[in-house]
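Residue numbers begin at 1 in each chain, while the letters A, B, ... track the order of the sequences.
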2 protein chains.
Amino acid sequence: MSGRYSPSEAARRSGFSLDTLRYYEKIGLLSGIGRTAGGRRVFTDEDLGWLEVFRCLRDTGMPIAEMCRYAELARDGEHTARERQELLERHAGRVEEQMALLRRQYDHLRDKIRYYEGVVAATAAPAN
Amino acid sequence: MSGRYSPSEAARRSGFSLDTLRYYEKIGLLSGIGRTAGGRRVFTDEDLGWLEVFRCLRDTGMPIAEMCRYAELARDGEHTARERQELLERHAGRVEEQMALLRRQYDHLRDKIRYYEGVVAATAAPAN
DNA sequence: GCTTGACCTGGAGCGCACTCCAGGTTGAAC
DNA sequence: GTTCAACCTGGAGTGCGCTCCAGGTCAAGC
C-alpha cells in the first residue's frame with residue numbers, strides 16, 4: 001500500500017535481482033525510476049507493475065530489445081496503443097507456437113520414458 | 001531407407017546446422033560418427049535417431065551438459081537404463097513446470113491484449 | 001560520531017550454444 | 001586431368017542476458 005520501495009524490496013517483490021534491476025534501468029527498459037536525495041533508487045507501485053509486465057514478457061521468451069520497444073511505445077503515449085497491441089499480438093502468436101512445440105516434444109519425452117519403464121521393469125524382474 | 005547420409009543431408013533431415021553437427025561431435029554429444037576414406041562424415045539412421053532425441057531434449061530446454069550425460073549413459077549400456085529413465089523423468093517434471101508457467105503468462109498476455117482491444121476500439125470510434 | 005549494511009557507478013567478465021573463419025582437402029562431373 | 005562445390009580442422013568470435021567487481025557513498029542504529 002505504501003508505494004515506495006527500496007531496491008532490495010523491489011527485487012524481492014519482482015523476483016529480479018538487484019543487478020538485473022540496475023541493468024534494466026541502464027539499457028532504458030526501466031526509466032524514470034525515482035531517487036532519494038542521496039541518490040538511491042525508489043521504486044513505486046507503477047514501477048513494480050512494469051516489472052510484472054517484463055516478467056510476463058521475459059518468461060514467454062520475448063527478447064529484451066522488443067521489450068524496450070514496447071516500453072518506448074508506452075512512454076510515447078496513448079496514440080501508440082494500436083502498435084503496442086499489434087506487438088503483443090505477434091508475440092502471443094509466437095508463444096502459441098512455442099507452447100505447441102513444447103507440448104509435442106513433451107509427449108515424445110513421455111513416450112521415451114514409457115519405453116524405459118518397460119526396459120527397467122524387465123531388467124528388475126528377470127525371467128522369474 | 002539407404003541409411004548413409006552426407007553432412008548436408010543429415011543437417012537437412014535433422015534441422016541442425018552443419019556447424020552444430022560438428023560442434024555436437026566435438027563436445028562428445030555425438031560419438032562414433034563414421035568417416036569415408038577421405039575423412040568426410042557419414043551419418044546413419046541411428047545417428048539421425050539420436051539427433052531427433054537431442055532435438056526433443058533441446059526444444060524442451062535441457063542444457064547440453066545434461067544431454068551429454070544422457071548420451072554417455074546410453075553408451076555405457078543397458079545397465080544404465082534406470083538412471084537414464086530417472087534423468088528423463090526429472091527433466092519431464094521441469095518441462096511440466098515450464099509449460100504451466102508459460103500457460104499462466106500467456107493468459108496474462110491475452111488479458112493485456114484484451115485490454116488494448118478496448119482502448120484501441122474506443123480511440124478508433126470516439127464518442128459518435 | 002562510529003559502525004555497518006545497503007546502496008551507488010562504470011566497466012569487465014561470464015556461461016551458454018552456437019557460428020564463423022582461414023586455409024586446406026576431397027571427389028563427382030565434365 | 002581440371003574444376004568446383006562440399007567438406008575438413010582448430011580456433012576465434014558472437015549475441016544474449018545477465019552477474020560480478022572495485023572502490024566509493026549513504027543513513028539508520030548504537
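Which of D/dG17, C/dC8, C/dC18 sits closest to the side chain of B/Tyr23 comes down to C/dC18. Proximity note for B/Arg41 (side chain, C-beta onward) versus D/dG17, D/dA6, D/dT9: the nearest is D/dT9. Of the candidate nucleotides C/dC7, C/dT19, D/dG11, C/dT19 has the atom lying nearest to any side-chain atom of B/Ser17. In the set C/dC8, C/dG10, D/dC18, the nucleotide with an atom closest to the side chain of A/Lys26 is C/dG10. In this structure, of D/dC7, C/dT19, C/dC7, it is C/dC7 that holds the atom nearest to the side chain of A/Arg40. Comparing C/dC20, C/dT9, D/dC7 by their nearest atom to the side chain of A/Arg35 picks out C/dT9. Residue A/Pro63 places its side chain closer to D/dG17 than to any other of D/dG10, D/dG17, D/dA6.
Regarding B/Leu21, its CG atom lies at a distance of 13 Å from the P atom of D/dT9, rounded to whole Å. At whole-Å resolution of the value, CG in B/Asp19 and C1' in D/dG15 are 16 Å apart. Atom pair A/Leu57:CG and D/dG17:C1' shows a separation of 15 Å (rounding to whole Å applied). When rounded to the nearest whole Å, the span between CG of A/Leu18 and P of D/dG17 equals 20 Å. As a whole-Å value, the separation of A/Glu25 CD from D/dG17 P is 19 Å. C/dC18 atom P lies 4 Å from atom CD1 of B/Ile64, rounded to whole Å. Regarding A/Arg22, its CZ atom lies at a distance of 5 Å from the P atom of C/dC8, rounded to whole Å. For B/Leu29 and C/dC18, the CG to P distance is 9 Å, given to the nearest whole Å.
Of all heavy-atom pairs spanning A/Val42 and A/Asp47, the tightest one is O-OD2, 3.9 Å.
Of the side-chain N and O atoms in A/Arg58, none sit less than 4.0 angstrom from OP1 or OP2 of D/dC16. Residue B/Thr36 has no polar side-chain atom (N or O) positioned under 4.0 Å from OP1 or OP2 of C/dT26. Under 4.0 angstrom from either OP1 or OP2 of C/dC7 there lies at least one side-chain N or O belonging to A/Ser6.
DNA chain C is contacted by both B/Gly39 and B/Met62; B/Met62 maps to the nucleotide lying nearer its 5′ end (nearest heavy atom per residue). When each of B/Pro7 and A/Gly61 is assigned the nucleotide of DNA chain D with its nearest heavy atom, B/Pro7 is the one assigned upstream, toward the 5' end. Mapping A/Thr20 and B/Glu9 onto DNA chain D by nearest heavy atom places B/Glu9 at the nucleotide closer to the 5' end.
For the residue pair B/Thr36/B/Arg40, the side-chain donor-acceptor check at 3.5 Å is not satisfied. Judged purely by distance below 3.5 Å, without hydrogens or angles, the side chains of B/Arg75 and B/Ser31 pair a donor atom with an acceptor atom.
Looking at heavy-atom distances under 4.0 Å, A/Tyr24 makes contact with sugar-phosphate atoms alone, never a base.
Between A/Glu9 and A/Arg12, at least one side-chain N (NZ, or NE/NH1/NH2) sits under 4.0 Å from a carboxylate O, which counts as a salt bridge.
Shown here is B/Glu52, whose CD atom has no more than 12 heavy atoms of other residues, nucleotides or ligands within 6.0 Å.
Rounded to the nearest 0.5 angstrom, B/Arg4 CZ and B/Thr44 OG1 are separated by 9.0 Å.
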